[in-house]
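Read through the structure below, which is laid out as structure tokens, and then see the notes.
What you see below is based on every heavy atom in this structure, not just the backbone, and it leaves out hydrogens, waters and symmetry mates.
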Amino acid sequence: MKKVFSRPRYLKPVANHYCPGCGHSIVHRLICEVVEEMKMGERVVSVAPAGCAVLAYFYFDFDTVEAAHGRGAAVATGIKRSLPEALVFTYQGDGDLAAIGTAETIHAASRGERISVIFINNGIYGMTGGQMAPTTLLGMKASTAPEGRSERREGFPLDISHLLAEIPGSAYIVRTAVNSPKGIRQTKKAIREAFQCQLDDEGFSLVEVLAMCPTNWKLDPVQACAFIDEKMAQYFKPGVLVDRRKKSKPGPEE
Amino acid sequence: MPSKGKIEIDAELCKSCGYCLQHCPQHCIQLASRYNLKGYYPAQFTGGECTGCAICGLVCPETAIEVWRD
Amino acid sequence: MSEKFLMNGNHALAEAAIRAGCRFYFGYPITPQNEVPEYMAENLPKVGGVFVQAESEIASISMVLGASVTGARAMTSSSSPGISLKQEGLSFLAGQELPAVVVNVMRGGPGLGNIAGSQADYHQAVRGGGHGDYKVPVLAPASVQELADLTYLAFDLADRYRNPVMVLADGMLGQMMEPVIFPEPIAKLPEKDWTLRGAKGRPGRFSRSLILDTKLMEEHNWKLQRKYQQIAKKEVRSESFMMDDAKLAVVAFGSAARIAKGAIGRVRKEGLQVGLIRPITLWPYPVQVIRAAAARVKEFLVFELNAGQMLEDVSLALQGQGELFFYGRPGGPIPTPVEVAKIIASRYYQRIRK
């Protein structure tokens, strides 16, 4: 028998701090698989956020710098301008990217920065204990919206990827989910497309990943996966939001 | 003819999320009756008709599963 | 090449930065420093550098951090309210031990203030400014030539100590035109073995200021403090003007010191024995210079374009020795040497000559 599946080289062989069933750890692995397959481990410089993934650099075995909350796209801009040949990606949650980081994210897209943003959308603030996020759904309860998000009181959830897709500098924006084997395969493909988009000098790329947060959704992991299909993905619909690439190639086989 | 496969699960990394159990098409995985050092009841390979499809590895958030196939 | 250029302060500091090897400028327009990004926009690309007008001062300090972690010499500039916005970034740079140069061309405040020159960001600059136990070396030029020289020096200090460095100018200095002689463009940049440029032939590394373990965090903090002690030992700079026989010492920095020199020239003609101590590094502060002066001088007059900030450092340095008098003008008005001469003379006659 030969080994057909094991830990990718760039995912450090350590236990991680994420909750059971969390989407973060799945995406970390997918990123490391893609980096290895694209042979970019020595050229990647990643930017870690504030949020549950603040310790991402304990898991990625490539160069990573911590950014202040929300500033990932700005730090990535500084890195990419200095190292145009590097593969530069940010890894950000919904608060980091769509609350405090809104300006930096929009303007990086507007400038067409050749960076890739991995946007983990679990509709809640995990690390700080379950407060409302810009992407928390209407009716969804959070510690700062204890009666459930209401349109009148808290406003609508923000579909930031949709906004970013309108910006000409955005070359490739896609939304996937990691709540199923099919979704996980699609997410890996999307990450690879986004990285290739950067290497092809096409412009700004972003992968929004609908991810489970069983702890703060107060669901068990399997229920949390169902919640994505039944609720999250109804508002944040998976698919390609914009593709302005000129050098599109078909994605790799699963 | 379906392939023959096997998996190994690192019980100390497992957090008992249940994804591998849920998605194994051959129902080769169950939760152990003894908990690991962290207090989780880890997933356990029961042998059986594993085809080495590696869906369990794909869905495992902890990268706790290695998969072999003929 | 000792060619003399007639330039305004903002242009001069930008040119000096380029000659110091700065190849990345990230900034945002705010008066009275707009000539800095404009000069950089025009001239950085000519030397293969990169200029980005960021969406805010908050974004630009993080862009500086990104470029700095790759080993590049990077800078930003702003004025008072914009520097307030950068404080988190400064704390992060200090915590991650990353070099950067930040120029504050101070304006009237607080709040939106005005666009006139002032010195009201002294506390913000020398007390660290952002959160946490850290310091930044603060350089206070008093002429366009010195603004160029200190900007050039700032990059060396930043790299040498792996810390952000602030150049504290004011709106008057930024706008006025004086002759400048620039240093030669730097021949070789210092080597840096801690950068993130892609993990070629080595394990991945990371740069961060988050240290959850409190014992490790304390260790990190003491390490930073030892660095600041080294800076305090080695990098103090000040000027003493006519202090040999002084009976009253004016203490002033930047544009205020310049005005004070004019005032001292006038009162000296009347026979008043007045001198000037001009700190050039505001952090580390020339505490020993003040203490040494206090052995012979009993009267000190602090003059600042604010409501009394460096005053506190002079008081701390004096440790109760000597009498302290304060003359301040917050909000942007620039007193003339004549006005300041009258204040000095009035105090002198009250305290020294009957």
*Taking the side chain from A/Asp61 and the backbone from A/Cys32, do they hold a donor-acceptor pair closer than 3.5 Å?*
no
*Is C/Tyr28 close to C/Ile61 at the side-chain level, that is, under 4.5 Å between some pair of heavy atoms?*
no
_Only pairs of heavy atoms separated by less than 4.5 Å count here; which of A/Val65, A/Val44, A/Val45 has the most with chain C?_
A/Val65
_Heavy-atom side-chain contact between C/Asn43 and C/Phe51 under 4.5 Å_ = no
*Give, as side chain, backbone, both or neither, the part of C/Arg23 having an atom under 4.5 angstrom from any heavy atom of chain A.*
neither
*In terms of heavy-atom pairs under 4.5 Å with chain A, which of C/Ala59, C/Gly66, C/Pro203 leads?*
C/Gly66
_With a 4.5 angstrom heavy-atom cut-off, is it the side chain or the backbone of C/Ser60 that approaches chain A, or both, or neither?_
neither
*Among the listed options C/Ala67, C/Ala54, C/Ser56, C/Gly49, the residue most often paired with chain A at heavy-atom distances under 4.5 Å*: C/Ala67
*Who among C/Val64, C/Val52, C/Leu65, C/Leu212 has the most heavy-atom pairs with chain A under 4.5 Å?*
C/Val52
*Examine whether an atom of A/Tyr57 lies under 4.5 Å from a heavy atom of chain C, and if so say whether it belongs to the side chain, the backbone or both; otherwise answer neither.*
both
_Side-chain donor-acceptor contact under 3.5 Å, A/Ser205 with A/Gln198_ = no
*Check whether A/Leu55 gets within reach of chain C through its side chain, its backbone, both or neither, counting any heavy atom under 4.5 Å.*
side chain
*For A/Lys188 and A/Glu33, run salt bridge (charged side-chain N to carboxylate O under 4.0 Å, His left out): C-alpha distance rounded to whole Å, both residues' side-chain angles, the deciding distance at 0.1 Å, then the answer.*
CA-CA 8 Å; A/Lys188 179 173 173 175; A/Glu33 287 175 358; 3.0 Å; yes
*Closest approach of C/Pro99 to C/Ser68 (non-hydrogen atoms, all atoms of both residues)*: O-OG, 2.6 Å
*asked:* Quick check on C/His220: does its NE2 atom have over 12 non-hydrogen neighbours (other residues, nucleotides or ligands) under 6.0 Å away?
replied: yes
*Heavy-atom distances under 4.5 Å only: say whether A/Ala86 touches chain C with side chain, backbone, both or neither.*
neither
